[in-house]
**Student:** 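One structure, pasted below without further comment.
Whatever order the structure lists them in is the order used to number ligands and atoms, beginning at 1.
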Amino acid sequence: MAALGLPVNLDNQVVRTPAEIKAYIDRYTAQRDQLPYGIDGIVEKVNDLTLQTQLGATVKVPRWEIAYKFPPEEAPTVVRAIEWTVGRTGTVTPTAVMDSVQLAGTTVSRASLHNPDYLQAKDIRLGDTVLLHKAGDIIPEIERVVVDQRPADSQPYQIPTHCPVCEHELVNLADEVALRCLNPMCPAQIKEGLAHFVSRNAMNIDGLGPKILEQLWDKQLVHDVAGLYQLTLAELLTLDKVGEKSATKLLTAIDQSRQNSAERLLFGLGIRHVGGKAAQLLMAEFGDLPTLMAADEEQIAAVDSIGPTIAASLKTYFANPQVQTLITELQTAGVNFTYLAPTTASDNSEWTGKTVVLTGTLTTMSRSDAKQWLEAQGAKVTGSVSKKTDLLIAGEKAGSKLAKAQQLSVLVWNETQFQAAMEEATK
Ligand SMILES: [Zn+2]
């Protein structure tokens, strides 16, 4: 390439022994900061085409080259504050706020401390000098405290006892490390709950981003998810940066969500332990929300892959009088409570028990819609191809999964074949 006049890195070198590789790495590790470009490692390649062919490749990588990655960069900084934020389920999470520091190409001033146990195990205190690194070269993390630089008057950090937003007392539930605010009226939780309710896999209401939700809350136009269905054009027009056109669009999106199949609503309510998949299974089993609410714990726990934790969580949730009021409000607002997804997920569906993998880009539907449909048919959708895979549905730009499926002789369909099967199944 150099002979052809292409720019190549002149620092390449032919080495013949592991000791020579090591010496090369050591030299560049020492020079790394002086290089006029950033590097995160060094690649070693076999420079013989015959040997390259003999060595071949695994599914993912050639066997004749390997990357040596430098250990993560570290940078010292000082912890100035610890902020506590309240999530949708009331989990209160600490974040360290530190003096800004350059680390592996970005300016870092915040790092999650995950939970009180983590914070206490590392004994992180205000004023501490800490060493930061990036986990997986992306997420800043406090590696450790530099204890010998700790100020003399340093005190162990006091974990808060009350919610930073609503001041309700915080609790540690028996089975978990997280600290929680259990106040169902906690503003932080309601705001997060609204964002979850409108999100794509829940009610999928387009245009209700965090800035709009924040304003709706601050202006007291919405105090719970049912409130979204009472919004008027005049109210939306009072919001910052919302014109008539986008307000109308929003109202249409909200209105359309009334027709969603009920598993979206169930997931959107944000009940602890009830994820998208559980919501789907539950609604497929019980048919509508009132029937699920009336079911007893044993009946719910008996549903395939549900179990006692989800059953108990649902019963606790629906027993709450505030929740019952909310459900009534949603019903009055005309939100659909019935499961609408294809009800052909009977045991004799041709999809029942099949393991399916989706890969590449689908052009006529989103991957999550495809997944939802397959699961409704009784198929199991997994993330990687193995001998147990029955079918790979490959969209555009399918990569390594397609190669693997072909290698394992797994049946492969393109999107058109999949669509034809969908039409067939819903006839
Ligand atoms: Zn709170």
**Student:** For residues 160-173, tabulate all N or O donor-acceptor pairs below 3.5 Å that involve a side-chain atom, not counting sequence neighbours.
**Tutor:**
unit_1 : atom_1 : unit_2 : atom_2 : d
N172   : ND2    : V177   : O      : 3.4
N172   : ND2    : A178   : O      : 3.0

**Student:** Do any side-chain atoms of residues 264-275 form donor-acceptor pairs under 3.5 angstrom with protein atoms, and if so which ones, sequence neighbours left out?
**Tutor:**
unit_1 : atom_1 : unit_2 : atom_2 : d
R264   : NH1    : R200   : O      : 2.9
R264   : NH1    : A202   : O      : 2.6
R272   : NH2    : E176   : OE1    : 2.8

**Student:** Identify the heavy atoms of K388 and T355 that sit nearest to each other, and give their distance.
**Tutor:**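 Taking every non-hydrogen atom into account, O-CB, 3.6 Å.
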
**Student:** Evaluate whether atom CG of D218 has more than 12 neighbouring non-hydrogen atoms of other residues, nucleotides or ligands under 6.0 angstrom away.
**Tutor:**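 Above 12, so yes.
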
**Student:** Does atom CG of L182 have more than 12 heavy-atom neighbours from other groups under 6.0 Å away?
**Tutor:**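 Yes, CG of L182 has more than 12 neighbouring heavy atoms, counting only those of other groups under 6.0 Å.
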
**Student:** Sequence neighbours left out, what passes side-chain hydrogen bond (donor to acceptor under 3.5 Å, both in side chains) with R88? Give chain and number order.
**Tutor:**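 Once residues adjacent in sequence are excluded, R88 has no partner under the side-chain hydrogen bond (donor to acceptor under 3.5 Å, both in side chains) criterion.
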
**Student:** Anything protein N, O or S sitting under 2.8 Å from the Zn ion (ligand 1): count it and give me the total.
**Tutor:**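 N, O or S atoms of the protein closer than 2.8 Å: 4.
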
